[in-house]
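See below for the structure under consideration.
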Amino acid sequence: MTAHPDAGEPLDVALSGYALINTPMLNKGTAFSDPERDAFRLHGLLPPHVGSLEEQTTRRLKVLRDFESDFERYALLRDLQDTNETLFYAVLTSNLKELLPLVYTPTVGEGCQRFSEIWRKPRGLFLSFPNQRRIPEIFADPRFDRVKVIVVSDGERILGLGDQGAGGMGIPIGKLSLYTACAGIHPEQTLPVLLDVGTGNADRLADPLYIGWSHERVRGDDYDGFVEAFVEAVIQRWPHVLLQWEDFSNANAGRLLARYRDRLCTFNDDIQGTAAVAAATLLAAVGVTGTPLTQQRIALLGAGSAGCGIAALLLRAMVDAGLSEAEARARFFAVDRDGLLVQGMNTLTAAQAPFAQAPAAVADWRLEAPGRISLLDVAANARPTALIGVSGQASAFTEAVVREMARHVERPVIFPLSNPTSRSEATPADLLAWTGGRALIGAGSPFPPCLFEGRAIAVDQTNNSYVFPGVGLGIIASGATRVTDAMFMAAALALAELSPAKTTPGAALLPPVGELRRVAEAVARAVALQAGKDGVAPALSAAEVETRVAAAMWTPRYRPYRRAAY
């Protein structure tokens with residue numbers, strides 16, 4: 001009953017009637033032909049008009065655009081995905097610019113907060129703590145035989161919105177939707193998973209409609225044991241699967257990646273994907289500013305897993321460009337809740353330590369207040385050329401900070417990357433106003449073009465969707481068994497090469513969102529080639545990689561059905 005992504009001949013289908021119509025991957029709705037309605041006993045269950053995928057797409061878009069709120073549109077798209085997956089992806093892939101903010105950030109944030117309100121049909125797997133022993137049994141269902149990519153979350157740190165418990169399932173569903181829409185991974189090869197270990201969100205626990213395990217969040221050894229049981233079951237069921245960790249807390253994200261990255265093919269998108277897209281956008285900006293990467297001074301607000309991941313990848317890029325590691329480290333100014341990270345702080349984590357400034361380097365700084373070095377102090381004393389925010393703190397890039405930065409830098413590079421929009425460190429309009437239109441801006445969420453002195457300035461959406469779908473496609477196409485840091489550097493370099501600003505003065509730093517499928521192909525080719533160089537996949541020629549990448553990509557279209565022989 002499975003639909004192979006690259007075949008165009010008729011598909012043998014054993015289901016009929018309501019069972020066929022109620023199977024999202026097989027349902028065609030009004031597009032079932034008259035012979036198919038004869039063969040599968042569909043007459044009477046469908047209106048007599050025989051439509052096409054194009055007509056259905058037009059109909060769904062009209063309904064979608066008539067809604068007043070983005071959350072209503074999100075709910076409609078979720079329902080469409082659970083009803084007719086081919087139509088869902090036809091609508092999405094042909095309208096990526098319009099619909100990406102609905103299936104992904106920023107609307108997915110509200111989708112997670114209100115997930116229990118709109119949950120109707122099973123999608124993915126909710127693995128709850130009380131069912132730990134049943135995980136292998138749950139995985140054994142034959143309908144999961146073709147799974148190649150799993151996105152898993154425990155719902156504890158959803159975007160900048162905190163613990164959403166089981167509602168966090170909206171993130172794996174949304175991410176995998178982009179694996180399919182942007183990179184062509186067949187829907188049957190994807191599996192969203194929510195590790196339901198309870199929630200620390202009092203509102204969720206008090207909500208009688210909450211669909212998750214209504215229990216305080218499990219922590220410590222019990223939590224680690226549950227994650228271990230999950231990973232071991234994954235390895236046994238799908239030895240060659242790609243497992244992506246998503247929206248785990250800072251306390252767990254880095255250590256889980258470190259624990260499992262050598263046991264299976266896995267990465268954490270918050271750490272590595274965010275780093276790659278930030279590095280790519282900064283590399284594109286470097287070409288505009290004319291200041292080489294080796295001379296960049298980078299201020300980072302938010303030194304959690306995402307922030308340290310960005311710093312680590314940029315550090316590697318600086319070393320590759322010719323700096324020593326010590327020289328590169330000195331160019332990072334990471335600010336967290338206790339202010340600038342300085343060597344000797346007793347709160348430094350292992351990930352933060354490489355980016356802590358030496359006390360001597362800041363000893364003669366003039367400070368707003370003694371005892372804590374603020375972001376404004378960094379702007380005044382370090383004179384950063386780039387400012388990157390992954391703090392989850394709305395309006396944290398204050399006018400004073402931005403104006404101080406712009407006093408010392410001709411073309412300040414400023415990336416407020418926190419999601420959703422309500423958590424953005426600054427709005428692009430304010431950044432342009434405070435810098436006299438000189439800032440090069442990349443935002444984590446989509447913003448409309450900003451008017452400045454009578455001209456419209458587009459805002460680059462510096463979003464992980466530029467990277468992770470292509471990384472996954474490259475891994476699948478190459479047969480990689482592990483994910484290396486060099487593969488993410490290759491992804492960043494491939495994305496930077498696609499920058500419109502590279503060839504057109506004044507153009508955007510990143511390709512248009514509507515071209516994400518082309519971006520994913522380019523990233524996939526680079527990742528697959530790097531995997532071969534790193535020895536985690538067969539060494540393939542560029543031509544072989546291109547063929548494999550193209551063969552792995554599915555396009556949403558209806559195939560003819562014929563009745564399977566019993």
Side-chain angles (χ1 to χ4, degrees), residues 69-74 77 92 95-114 153 157-162 164 168 170-171 173-175 177-178 181-182 246-247 269-270 273-278 280-282 284-285 300-302 304 306-307 309-310 387-397 402 413-433 439-451 456-469 495 508-516 519:
S69 74
D70 282 348
F71 178 72
E72 290 175 305
R73 298 182 182 100
Y74 171 85
L77 288 168
L92 181 55
N95 298 274
L96 269 174
K97 181 179 179 181
E98 177 183 358
L99 302 187
L100 186 72
L102 300 178
V103 300
Y104 192 43
T105 56
T107 313
V108 71
E110 186 176 1
C112 290
Q113 291 175 307
R114 302 175 63 180
S153 179
R157 191 187 61 82
I158 298 302
L159 305 176
L161 303 172
Q164 301 302 321
I171 294 295
I173 290 173
K175 289 277 186 176
S177 297
L178 298 191
C182 301
E246 196 65 43
D247 284 5
D269 189 49
D270 300 308
T274 302
V277 72
T281 314
L282 181 59
L300 192 67
L301 181 63
I310 291 171
L387 174 60
I388 302 173
V390 281
S391 66
Q393 301 300 311
S395 304
F397 292 171
V402 174
V413 178
I414 308 178
F415 297 163
L417 299 184
S418 290
N419 286 312
T421 310
S422 61
R423 293 294 191 272
S424 182
E425 284 82 5
T427 66
D430 281 343
L431 294 177
L432 287 171
L440 294 169
I441 303 168
S445 287
F447 283 89
C450 299
L451 281 176
I457 299 176
V459 178
D460 287 292
Q461 186 181 354
T462 308
N463 196 288
N464 293 22
S465 54
Y466 279 97
V467 169
F468 73 82
L495 177 55
L509 298 177
L510 294 176
V513 169
E515 296 182 10
L516 281 178
V519 170

Please report the shortest heavy-atom distance between L178 and L100, naming the atom on each side.
CD2-CD1, 3.3 Å
Salt bridge (charged side-chain N to carboxylate O under 4.0 Å, His left out) against R423, all qualifying residues, sequence neighbours excluded
none
P446: which residues meet the side chain to side chain contact (heavy atoms under 4.5 Å, CB included) condition with it, sequence neighbours left out?
P101, P106, Q461
Can you name the residues that form a salt bridge (charged side-chain N to carboxylate O under 4.0 Å, His left out) with E98, not counting sequence neighbours?
R65
With sequence neighbours left out, what residues match Q113 under side chain to side chain donor-acceptor pair (under 3.5 Å)?
none
Yes or no on side chain to side chain contact (heavy atoms under 4.5 Å, CB included) for L282 and F415, after CA distance, side-chain angles and deciding distance?
CA-CA 9 Å; L282 181 59; F415 297 163; 4.2 Å; yes
Quick one: list whatever passes side chain to side chain contact (heavy atoms under 4.5 Å, CB included) with T107, sequence neighbours left out.
D70, Y74, L102
Closest non-hydrogen contact found for V459 with C450 is CG2-SG, 3.9 Å
How far apart are the C-alpha atoms of V103 and V108, what are their side-chain angles, what is the distance that settles it, and do they pass the side chain to side chain contact (heavy atoms under 4.5 Å, CB included) test?
CA-CA 6 Å; V103 300; V108 71; over 6 Å; no
Side-chain (N463) to main-chain (S465) donor-acceptor, under 3.5 angstrom:
yes
If we only count heavy atoms from C-beta on, is the I171 to C112 side-chain gap below 4.5 Å?
yes
Let me see the working for L301 and I388 under side chain to side chain contact (heavy atoms under 4.5 Å, CB included), right down to the final yes or no.
CA-CA 6 Å; L301 181 63; I388 302 173; over 6 Å; no
For N95, enumerate each residue passing the side chain to side chain donor-acceptor pair (under 3.5 Å) test, keeping only those at least two apart in sequence or located in another chain.
none
Output all residues satisfying ring pair (Phe, Tyr, Trp, His ring centres under 6.0 Å) with F468, sequence neighbours left out; order by chain, then residue number.
Y179
Do L432 and I457 have side chains that get closer than 4.5 Å, going by heavy atoms?
yes
Looking only at heavy atoms, the pair that brings L495 and A280 closest together is CD2-CB, 3.6 Å
Walk me through whether C182 and L96 qualify under side chain to side chain contact (heavy atoms under 4.5 Å, CB included).
CA-CA 9 Å; C182 301; L96 269 174; 4.3 Å; yes
A439 meets the side chain to side chain contact (heavy atoms under 4.5 Å, CB included) criterion, sequence neighbours left out, with P412, I414, T435, I441
What residues form a side chain to side chain contact (heavy atoms under 4.5 Å, CB included) with A275, not counting sequence neighbours?
I310, L313
Per the side-chain contact (heavy atoms from CB on, under 4.5 Å) rule, which among N419, L159, L417 passes with S445?
N419
Do you know the tightest heavy-atom contact between Y466 and P512?
OH-C, 3.9 Å
Which residues pass the salt bridge (charged side-chain N to carboxylate O under 4.0 Å, His left out) test with D269, not counting sequence neighbours?
K175
Using every non-hydrogen atom in the two residues, find where G307 and L300 come nearest and quote the distance to one decimal.
O-CD2, 3.1 Å
Quick check against the 3.5 Å criterion: does S424 have a side-chain atom that pairs as donor or acceptor with the backbone of T427?
no
Ignoring hydrogens and angles, tell me if any N or O in the side chain of S153 forms a donor-acceptor pair with the backbone of E246 under 3.5 Å.
yes
With sequence neighbours excluded, tell me which residues meet side chain to side chain donor-acceptor pair (under 3.5 Å) with Q393.
none
With distance as the sole criterion, is a donor-acceptor pair present between the side chains of N464 and T274 under 3.5 Å?
yes
Please tell me whether S418 and E425 have a donor and an acceptor in their side chains that are separated by less than 3.5 angstrom.
yes
Here the pair of heavy atoms bringing G302 nearest to V390 is O-CG2, 3.4 Å
Any residue meeting side chain to side chain donor-acceptor pair (under 3.5 Å) with T421, in chain and number order, not counting sequence neighbours
none
